Chemist: 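Structure incoming, see below.
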Amino acid sequence: DVCWSHDNSTVFASATGDGRVDVWDLAANTLDPIKSIKTPHTLSCVSFARSSPVLVTGNASGVVDVYQLTGTLAQPVERTAAEQLAALEKVTATVHNAPGGAAAA
């Protein structure tokens with residue numbers, strides 16, 4: 001499962017069946033997550049909370065884990081919708097428009 005941050009257009013989280021939760025910031029790195037957590041659960045969903053700096057994961061057995069976000073991930077980005085879109089377009093344009101057709105890092 002994948003969930004985009006409600007506060008930052010370049011941040012998303014992914015949860016995998018092998019129990020890994022990754023938090024990505026495309027503005028910082030397009031190839032590696034900025035945070036990775038290994039859990040003992042087979043994860044099926046992930047979500048950023050709307051009103052608290054937390055990330056929530058769950059699995060088919062009903063186990064829910066809550067992770068407190070820290071640092072820049074815990075601070076809402078004060079950007080307009082147009083500024084959020086521009087930030088996302090900037091990082092995706094870097095990947096898609098690399099010289100020679102190769103993906104840029």
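Just so it is clear, the model here is predicted, and its values are computed rather than measured. Residue numbers start at 1 and run along the sequence shown.
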Chemist: Identify the heavy atoms of S14 and V2 that sit nearest to each other, and give their distance.
Modeler: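 For S14 versus V2, the nearest heavy atoms are CB-CG2, 4.2 Å.
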Chemist: Are I34 and L73 close enough that some pair of their side-chain heavy atoms sits under 4.5 Å apart?
Modeler: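 A side-chain contact exists here, since the closest heavy-atom pair is under 4.5 Å.
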Chemist: Restricting to non-hydrogen atoms, name the atom on N59 and the atom on L43 that form the minimum distance, rounded to 0.1 Å.
Modeler: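 In this case the closest contact between N59 and L43 is CB-CA, 4.2 Å.
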Chemist: Once rounded to the nearest 0.5 Å, what's the spacing between atom OG1 of T70 and atom CD of Q75?
Modeler: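 These two atoms lie 9.5 Å from each other.
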Chemist: Rounded to the nearest 0.5 Å, how far apart are CG of L85 and CZ of R79?
Modeler: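 So the CG of L85 and the CZ of R79 are separated by 10.5 Å.
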Chemist: What orientation do W24 and F12 show, parallel under 30°, tilted 30 to 60°, or perpendicular over 60°?
Modeler: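 W24 and F12: parallel rings.
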Chemist: Taking side chain as C-beta onward, heavy atoms only, is K38 less than 4.5 Å from D18?
Modeler: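 Yes. Closest side-chain heavy atoms under 4.5 Å.
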Chemist: Got a second to check how far S51's OG is from H6's NE2, nearest 0.5 Å?
Modeler: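 Those atoms lie 9.5 Å apart.
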Chemist: How many angstroms lie between CG in L69 and CG in L55, if you round to the nearest 0.5 Å?
Modeler: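 L69 atom CG to L55 atom CG measures 5.5 Å (nearest 0.5 Å).
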Chemist: If you round to the nearest 0.5 Å, how far is CG of D25 from OG1 of T72?
Modeler: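 Rounded to the nearest 0.5 Å, the OG1-CG separation comes to 7.0 Å.
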Chemist: Please name the pair of heavy atoms, one in S44 and one in D1, separated by the smallest distance, quoted to 0.1 Å.
Modeler: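 Nearest heavy atoms, S44 then D1: O-CB, 3.6 Å.
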Chemist: Closest heavy-atom contact between N29 and D32?
Modeler: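 Heavy-atom minimum between the residues: OD1-N, 3.0 Å.
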Chemist: Short question: side chain of T39, backbone of G19 - any donor-acceptor pair under 3.5 Å?
Modeler: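 Side chain of T39 to backbone of G19: a pair is present.
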Chemist: Write down the atom of V11, the atom of F48, and the distance for their closest heavy-atom approach.
Modeler: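 Where V11 meets F48 most closely, the heavy atoms are CG1-CZ, 4.0 Å.
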Chemist: With a 4.5 Å limit on heavy-atom distance, are the side chains of V23 and Y67 in contact?
Modeler: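 No, every pair of side-chain atoms sits at 4.5 Å or beyond.
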Chemist: Quick one: does Q84's side chain have a donor or acceptor within less than 3.5 Å of a partner on D7's backbone?
Modeler: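 A pair under 3.5 Å: yes.
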Chemist: What are the two closest non-hydrogen atoms of T80 and E83, and how far apart are they?
Modeler: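 Distance-wise, the nearest heavy atoms are N-OE1, 2.7 Å.
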